[in-house]
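To keep things clear, I will list the structure first and then write my remarks on it.
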Amino acid sequence: MNPHDPEQAAEKTSTRVVKVGAMTRVEGEGSLLIQTEGDRVKNVDLHIFEPPRFFEAFLRGRAVHETPDITSRICGICPVAYQMSAVHAIESGLGVVMPDAIRRLRRLLYCGEWIESHVLHIYLLHAPDFLGLPDAISLGKTQRQRLETGLRLKKLGNRIMALLGGREIHPINVKVGGFYKIPPRESFRELSDELFWGIEAAKDTLSWVSGFTFPEFAMDTEYVALQNPGEYPMNEGNIASSRGLRIETRAFEDHFEEYQAPQSTALHARRRGHGSYLTGPIARFLLNFAALPPPVQKLAQESGIPLPCYNPYRSIQIRALEVIYACQEAQRLIQDYEDGQRSSVELQVHAGSGCAATEAPRGLLYHRYEWDGEGSILAARIVPPTSQNQSRMEEDLGTLVAGHLSLPDDELAAHCERFVRNFDPCISCATHFLKLTRERV
Amino acid sequence: MKRLAVWKFTSCDGCQLSLLDLEDDLLLLTESLEFAYFLEASSAARPGPYDISLVEGSITTPADVERILEVRRQSRFLVVIGACATSGGIQALRNFVDVKEFIACVYARPDYIKTLAKSSPISAYVPVDFELQGCPIDKSQLLEVIASFLLDKKPALSNESVCGECKRRGLVCVWVAEGRPCLGPVTHAGCGALCPGYSRGCYGCFGPKENANVPSLGRKFREHGESPRDIQRLLRTFHAAAPAFSGRPHEPSRS
């Protein structure tokens, strides 16, 4: 045997590098590097090569009133989440309490984003995995009506965003203190009719995805989400975890930290003294099942979602369930809405700081700002869901790989990519993921 | 069937998402256009060359520079979409500072970061066949561009200012009537005068129109009591590096 022959050397140590060059059907750009040695998984890196965009750096010196316009540009799929976390953080620091009418309209806007984003993920990004298809266009060739239902449902979410926010991507109507203008009640009427259809279409979507085959997998981790008394959390609440943590949002940084892992260079997050954790639909569902309306709870049980659910592959069911909930909630908010409300409250700007967290479709999103007496931002911190979930995803990818080592490289890579898509990672949102150059084993 | 490719550089994904947001026309489009390379939407990435490439995002890393040259080689028509691709985007705010300080502000280990000092538009590196402005782009304008490509004609897009769209909608001028600073006179049309319709001034997300007289508008803003700092903040946001808004010509980072 020639020890200098790379093939023979590789055989001897059974070293194997499986690389998924560019993740597909996720938002943003990432790749995956798996290193194995014999029957042992040596390393798994979810590699985000989204270039840094420095939002936290260039927010300094901007006016507080510019934050919803600027932070929306972090993400094209969930701009409302970035707008809501920003305006709530600043309003909390200025000691402003929103009138109930504004609070409800913001929840309506967020419902629009949940519908649009979840339906995009279900139909266009995630369902093809369960059907062995490369994309939704292939789905449209065999099940055209099914895809048309998905696109119409997605459009419904976008219509809510366009009406209240001005447009679907990067809405312009969100303001620190409320809205620039509130559309008249009259303009919601057509939307209300479409929501009746949407509720049924979302139920149909849940029963469709519930017929998929879900691989067995249980994530034994800490699940973290907002909780807000009396409602399924969206725009506000305190932070709760499946392991008993109950804190106010302002204590987030006392309990959670971001760090740069030397082997991966991407920012990860962990609960101080506890380790990795997971945010997102499964965490929300786990911690807030009781806050769902009883008919929605019943649909969850009938559709076979286990209680509690620890299987990431079933996130598609929970997203569908949340679409039903968001359609119903939007319907309720529109029916209760009355004309003649003030569009915003006056703000007295003084030096301060504030933080807030909201539930982006893919998980908890935390913002903190400090500003001076003229309302110029001095410091900003944005912790997106993908950053928080990354450690957990990598650890569980290690488990997944260990169970599938006999597969050829391309199949193993496909398994991993599929696993990552369960989390709907929003990679361009991950404001401070890093580019990584690695030495291969 | 013509072959479409969609490429992402430094950006938020919003402009390529506009393609999927064409809900009503998306399936129709796939009947005459093969989505040959569109990573956000499909796992089936087919090799080039491509008849038309849509490019989103700005050039901010040495790897981006290499990749855009390859994209150009593979593409018969190269259409850049959105603020990032046409002017460098919001991340071009780094162009006015020492980027090392930006890196140190965000990252505990700045030495891991590989990034160019400037965020540049695609046209700074390769010839571009068509530019579609907007942050985000308007999806009906995108449809017009794609349909025009399929029909082998020039896209029929207005090159007027937001003011033109605003007047045609019969909106009351938010600057004249309410004194709110509005970039409508210097901003490229395409949004349908969205912000004035919601009682706020235009913040220029479609970027400068051709021959925009920005210094003149700036003087008017100052006469009305706006501070130079606020005027600069208004101009330097989503198209911070566009020469008309930044007051500086483009100087891309060359690696």
Side-chain angles (χ1 to χ4, degrees), chain A residues 22-29 49-54 56-58 60 62-63 66 69-70 73-77 79 120 124-125 128 134-138 140 144 147-148 151-152 154-155 158 166-170 172-173 175 180-181 259-260 265 267 417 428-429 431-432 434-437, chain B residues 8-18 20-21 23-24 26-27 30 35 38-45 57 60-61 63-64 83 89-91 93-94 97 99 101-103 105-109 112-115 119 135-136 138-139 191 194-195 197-200 203 205 230 233 237-238:
Chain A
M23 298 268 309
T24 60
R25 284 186 280 129
V26 295
E27 193 235 359
E29 302 204 350
F49 53 88
E50 181 70 27
R53 289 186 292 150
F54 304 115
E56 289 153 320
F58 64 63
R60 294 170 307 164
R62 305 302 300 212
E66 292 180 292
D69 298 330
I70 291 176
R73 265 67 184 184
I74 292 172
C75 176
I77 295 188
L120 172 80
L124 295 173
L125 311 182
D135 50 41
I137 294 155
S138 313
R144 176 125 182 163
L147 183 57
E148 282 175 352
L151 291 170
R152 183 172 160 190
K154 175 172 165 298
K155 188 180 171 188
N158 274 335
R167 62 182 167 201
E168 304 91 327
I169 301 169
H170 308 329
I172 54 96
N173 194 25
K175 181 184 182 183
Y180 286 90
K181 186 180 177 181
Y259 63 99
Q260 261 176 292
T265 75
L267 280 195
E417 202 179 334
S428 23
C429 302
T431 41
H432 32 218
L434 317 184
K435 181 178 163 58
L436 166 69
T437 310
Chain B
K8 176 190 154 61
F9 287 81
T10 305
S11 64
C12 78
D13 274 53
C15 290
Q16 57 174 311
L17 180 64
S18 300
L20 302 179
D21 274 355
E23 289 108 0
D24 294 337
L26 185 65
L27 294 179
T30 61
F35 287 27
F38 187 2
L39 292 189
E40 189 183 38
S42 177
S43 299
T60 68
T61 67
D64 283 350
I90 193 163
Q91 53 273 1
L93 284 165
R94 74 170 69 178
V97 299
V99 75
E101 193 277 327
F102 263 25
I103 297 171
C105 168
V106 178
Y107 300 102
R109 290 292 305 268
Y112 290 144
I113 300 283
K114 266 191 191 154
T115 189
S119 169
C135 180
D138 177 77
K139 61 185 181 183
C191 66
L194 195 57
C195 286
Y198 279 80
S199 302
R200 65 178 298 197
Y203 60 71
C205 65
D230 282 342
R233 281 201 285 220
T237 312
F238 309 106

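Lettering of chains follows the sequences in order, A, B, ..., and the numbering in each one begins at 1.
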B/Thr237 and A/Arg62: side chain donor to acceptor below 3.5 Å: yes
Contact leader toward chain A among B/Asp64, B/Leu20, B/Leu27, B/Asp24, where contacts are heavy-atom pairs under 4.5 Å: B/Leu27
Geometric cation-pi criterion B/Arg94 and A/Phe58, 6.0 Å radius, 45° cone: no
Under 4.5 Å from a heavy atom of chain B, the part of A/Arg152 involved: neither
A/Leu151 to B/Glu23 - nearest heavy-atom pair and separation: O-CG, 3.4 Å
Residues B/Cys12, A/Arg73; criterion side-chain contact (heavy atoms from CB on, under 4.5 Å); working and verdict: CA-CA 6 Å; B/Cys12 78; A/Arg73 265 67 184 184; 5.6 Å; no
Over all atoms of both residues, closest heavy-atom pair of B/Cys105 and A/Ala57: SG-CA, 3.7 Å
Interface moiety of A/Leu120 toward chain B, non-hydrogen atoms closer than 4.5 Å: side chain
Best-contacting candidate, A/Ala63, A/Pro79, A/Pro134, against chain B by heavy atom pairs under 4.5 angstrom: A/Pro134
Worked verdict on A/His170 versus B/Cys205 for side-chain contact (heavy atoms from CB on, under 4.5 Å): CA-CA 10 Å; A/His170 308 329; B/Cys205 65; over 6 Å; no
Any B/Ile103 side-chain heavy atom under 4.5 Å of A/Phe54 side chain: yes
Heavy-atom check, side chain of B/Asp21 versus side chain of A/Arg167, under 4.5 Å: no
Evaluation steps, side-chain contact (heavy atoms from CB on, under 4.5 Å), between B/Ser18 and A/Glu168: CA-CA 9 Å; B/Ser18 300; A/Glu168 304 91 327; over 6 Å; no
Rounded distance [0.5 Å steps], SG in B/Cys195 versus CG in A/Asp69: 7.5 Å
Heavy-atom proximity to chain A below 4.5 Å, by part of B/Ala41: backbone
Under 4.5 Å from a heavy atom of chain A, the part of B/Val99 involved: side chain
Contact summary for B/Gly14 and A/Ile169, nearest pair of heavy atoms: O-CD1, 3.2 Å
Spatial distance of atom CZ (B/Phe35) from atom CG (A/Asp135) [nearest 0.5 Å]: 9.5 Å
Sub-4.5 Å side-chain heavy-atom contact between B/Tyr203 and A/Ile172: yes
Option that, when pairs with chain A are counted at under 4.5 Å, heavy atom only, ranks first among B/Ile90, B/Asp230, B/Leu93, B/Thr30: B/Ile90
Contact origin within A/Leu124 toward chain B - heavy atom pairs under 4.5 Å: both
Interchain contact, B/Phe38 with chain A, by part (heavy-atom threshold 4.5 Å): neither
Any B/Ser119 side-chain heavy atom under 4.5 Å of A/Arg53 side chain: no
Best-contacting candidate, A/Arg144, A/Lys155, A/Glu417, against chain B by heavy atom pairs under 4.5 angstrom: A/Lys155
Segment of B/Cys15 engaging chain A (4.5 angstrom heavy-atom cut-off): neither
Heavy-atom side-chain contact between A/Lys175 and B/Arg200 under 4.5 Å: no
